[in-house]
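The chains referred to below are lettered A, B, ... by the order of the sequence lines, with proteins before strands, and numbering in each begins at 1. Basis for what follows: all heavy atoms, side chains included, without hydrogens, waters or symmetry-related copies.
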Amino acid sequence: MERAFYERHTVTVAQDLIGCLLIRRGFSGLEDIVVRITETEAYRGADDPASHAHRGVTPRNRLMFGQAGHLYVYLSYGMHYCMNIVTEGEGEPGAVLLRGAEVVQGLELVRANRPGVRDAQLLNGPGKLTKGLALDLAYNGYDVCGGFGGGELELLPPPTGMRPLPLKETGRIGISKGQAMPWRFVEG
DNA sequence: TTTAGGATCGACT
DNA sequence: GTCGATCCTAAAC
């Protein structure tokens, strides 16, 4: 998808990402992983007390203020990676946390990344998603619009015929402030 | 330099 | 449903 898709209001992007396909390439000699995004959350700036960007720029969150379409990856609770896609115009902080997905292709590879886990639990959480796709801090700042169809990570619109998707909106998970904002989106 | 707490997960009861 | 693991970040001292 083009950069203009991400250069919009963060909440709108979070809704529109549900149903999109995420392609993970880069396993030499092996097939690509393709997953379908089923759960997202929107995080904004000064108006969002739950956001890392709430108090302005820091070394960690600087990507959230940068160009839309790049990844913002961070370590959560000292042990899990979470992946976000940066939104809004440059200088305006925003990012969408990818919280859940289902495997479309490359099931064996995902299973190998998540040993001992039942298929239904492979990617149903932000830390599980990054582990299943073998993503870590090395991908912080990666441009998902920069691959011209061949990058390690790429997003595609929902396959035609699958829209409109039923969407549920709820408060966000695991935060102590800002729960009132219905900025979590789940398919179903 | 120190310290509190976090956009979580999985094991266990 | 409860709880411990585990370590980085940011802000206070």
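Rounded to whole angstrom, the span from the OH atom of A:Y77 across to the P atom of B:dG5 amounts to 12 Å. Computed from coordinates, the A:Y81 OH to C:dC7 P distance equals 10 Å when rounded to whole Å. Taking atom NE2 of residue A:H80 and atom P of nucleotide C:dG4, one finds them 16 Å apart after rounding to whole Å. In this entry the distance linking CE of A:M79 with C1' of C:dA5 reads 5 Å, nearest Å. Computed from coordinates, the A:L129 CG to B:dC9 C1' distance equals 14 Å when rounded to whole Å. In this structure, A:I173 atom CD1 and B:dC9 atom P are separated by 10 Å, rounded to whole Å. Put simply, CD on A:E39 is 14 Å from C1' on B:dC9, counting in whole angstrom units. Computed from coordinates, the A:W183 CH2 to B:dA7 C1' distance equals 14 Å when rounded to whole Å.
The pair A:R24-A:E152 counts as a salt bridge, with a side-chain nitrogen and a carboxylate oxygen less than 4.0 angstrom apart.
Taken from CG in A:L97 to OG1 in A:T40, the straight-line distance is 8.0 Å, to the nearest 0.5 Å. Remark: A:D119 CG to A:R114 CZ distance equals 11.0 Å, nearest 0.5 Å. Distance check: A:Y72 OH to A:N61 CG gives 5.5 Å after rounding to the nearest 0.5 Å.
A side-chain contact (heavy atoms from CB on, under 4.5 Å) with A:I33 holds for exactly one of A:L123, A:L109, A:I23, A:L22; it is A:L109.
Within the 4.0 Å cut-off from OP1 or OP2 of B:dG10, at least one side-chain nitrogen or oxygen of A:R114 is found. Distances shorter than 4.0 Å separate none of the side-chain N or O atoms of A:K177 from OP1 or OP2 on B:dG6. Side-chain nitrogen and oxygen atoms of A:R99 include at least one within less than 4.0 Å of the OP1 or OP2 phosphate oxygen of B:dT8.
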* To do: Between protein and nucleotides 8-13 of chain C, map the contacts as a letter string: B base, S sugar-phosphate only, - none, heavy atoms under 4.0 Å, written 5' to 3'.
  => SSSS--

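Among the atoms of the strands shown, only primed sugar atoms or phosphate atoms (P, OP1, OP2) are found under 4.0 Å from some heavy atom of A:I175.
Within the shown strands, nothing qualifies as a pairing partner of B:dA7 under the Watson-Crick or G-U definition with both distances less than 3.5 Å.
Aromatic stacking is not marked for A:Y74 over B:dA7, as the cut-offs of 5.5 Å for the centres and 30° for the planes do not both hold.
Listed candidates were B:dA7, B:dG6, C:dT6. Nearest to the side chain of A:S176 is B:dG6.
Counted by atom type alone, A:R44 and A:S51 present zero donor-acceptor pairs between their side chains at under 3.5 Å.
Annotation: A:R62, atom CZ; neighbour count of heavy atoms from other residues, nucleotides and ligands within 6.0 Å does not exceed 12.
Each of A:M64 and A:V117 lies near DNA chain B, and the nucleotide nearest A:M64 is the one positioned closer to the 5' end.
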